[in-house]
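Taking it in order: structure first as structure tokens, then the write-up.
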Amino acid sequence: MLDLHTHTTYSDGTLEPRALVQAARELGITHMAIADHDSTGGLDEAREAAGPAGMNIIPAVEINTRDSVAVHILGYFLDDKDAAFQESLSKHRGLRNDRARQILEKLSRMGIKISLSDFGDRPDRAALGRPHIADKLKEKGIVFSRQEAFDKYLANGRPAYSDYDGPSPREAIRMILEAGGVPVIAHPGYAVSTELLENLAAEGLAGIEVYYPTHNAEQVRNFLETAKRMDLVVTGGSDYHGPGSGHERLGEIEVPERALEDLLERRRRLFG
Ligand code: AMP
Ligand code: ZN
Ligand code: FE
Ligand code: FE
């Protein structure tokens, strides 16, 4: 069984890589991609835990872009030791910290006091995101869930929202290609237009995440057709973020086994 989209504490997942590997193994997952936002820091720990458990970890990343809709670009089978790639990710995490500061300032003006140092217990090379701020709001008893924190404060258009000055989708695709990875558009059901997909394909986008928890049967059909028409690899995943995250469907998304071989085949086609 396959899951090509999961998160750990190296971004906004609630499980450490080791615990995620354990949970996946118990559900019968044999191949799992760890695709943390703007970080590959969890891969080594996951690989260490996966070997003895007879599981395979696929190196991946999910790069959040500054596009107005939630354009997230996944990268598969990239070289996570590539120095230039790591430097770019580190820069993006810096921009995330700047954004978090802006959000915390807005919250502070609303009488909610959280400081950046409250997030200091996360691992090195971990990316800070709005879900972490949501968790603090929960800890303080201001909201009951991450979702409520987004609905009341953090989502686009809500009072503590602040823009992310991150990379463009095209820069994200470039970065992944330069690290030897296969760029795939994440959860295209979140308002990604055909026009955008066509533009991204011209920039080197090579795959589309067709199987995803919020995609209905009609969306799946449409995205399969788009994949065929635009020669994109079909992938899928649960976007599992761990217990308490609200994204908890590990092992529930059926991803065709051939997705792995197709990604590897595309990688060979791209890089020889
Ligand atoms: P950030 O990386 O800080 O922009 O946060 C993005 C993450 O927050 C996404 O990957 C989702 O997991 C979550 N998220 C974004 N928008 C919403 C929303 N409207 N409701 C719930 N979760 C959201
Ligand atoms: Zn996330
Ligand atoms: Fe995403
Ligand atoms: Fe994700």
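Each ligand, and each atom within it, is numbered from 1 in the order the structure gives. Throughout, residue positions are numbered sequentially from 1 according to the sequence presented.
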Check your understanding: CZ of R249 to OH of Y240: how many Å apart, nearest 0.5 Å?
Key -> 13.0 Å
**Study point:** Separation of I176 CD1 from D79 CG (nearest 0.5 Å)
**Key:** 13.5 Å
Under 4.0 Å from a heavy atom of [X]: which atoms of ligand 1 are those, numbered in the order shown and with their elements?
X    : answer
Q147 : 20 (N), 21 (C)
P131 : 5 (O), 7 (C), 8 (O)
H37  : 10 (O)
G129 : 3 (O)

Which pair of heavy atoms, one from [X] and one from [Y], lies closest together, and at what distance?
X    : Y    : value
A33  : Y76  : CB-CE2, 3.7 Å
T9   : P17  : OG1-CD, 3.9 Å
M230 : A201 : CE-CB, 3.6 Å
D231 : R266 : O-NH2, 2.8 Å

For [atom], closest protein heavy-atom neighbour:
atom                    : value
atom 19 (N) of ligand 1 : A155 CB, 3.9 Å
atom 13 (C) of ligand 1 : F150 CZ, 3.6 Å
atom 3 (O) of ligand 1  : R130 N, 2.7 Å

Would one find an N or O of [X], backbone or side chain, under 3.5 Å from an N or O of ligand 1?
X    : result
D151 : no
R96  : yes
R99  : yes

Is the distance from the Zn ion (ligand 2) to some N, O or S atom of [X] under 2.8 Å?
X    : value
H241 : yes
E62  : no
H7   : no

Exercise for review: Validate the cation-pi geometry between R125 and Y10: distance from NZ or CZ to the six-membered ring centre under 6.0 Å, angle to the ring axis within 45°.
Suggested key: no
Point to revise | Min heavy-atom dist H7 to ligand 1 below 4.0 Å | key: no
Check your understanding: Is the closest heavy-atom distance from R146 to ligand 1 below 4.0 Å?
Key -> no
Review point. Vertex the Fe ion (ligand 3): angle to OE2 of E62 and ND1 of H72, to 10°?
Key: 90°
Point to revise | side-chain contact (heavy atoms from CB on, under 4.5 Å), paired with D239, selected from E248, H187, E209 | key: H187
Review point. Would atom 11 (C) of ligand 1 count as contacted, meaning some protein heavy atom under 4.0 Å?
Key: no
Practice item. Please work out whether the ring planes of H247 and H241 are parallel, tilted or perpendicular, with thresholds of 30° and 60°. Key: tilted
Check your understanding: Taking the inter-plane angle between the rings of F119 and H132 on a 0 to 90° scale, is it parallel (under 30°), tilted (30 to 60°) or perpendicular (over 60°)?
Key -> perpendicular
Check your understanding: Can you tell me if H187 has an N, O or S atom under 2.8 Å away from the Fe ion (ligand 3)?
Key -> yes
Point to revise | 4.5 Å side-chain heavy-atom contact, P188 and H215 | key: yes
Check your understanding: Nearest to the Zn ion (ligand 2), which N, O or S atom of D12 do we find?
Key -> OD2
Check your understanding: Side chain, backbone, both or neither: which part of N156 comes within less than 4.0 Å of ligand 1 when only heavy atoms are counted?
Key -> neither
Revision key, fill the gap. Partner of D38 under salt bridge (Lys or Arg N to Asp or Glu O under 4.0 Å), picked from K91, R96, R93, is R96
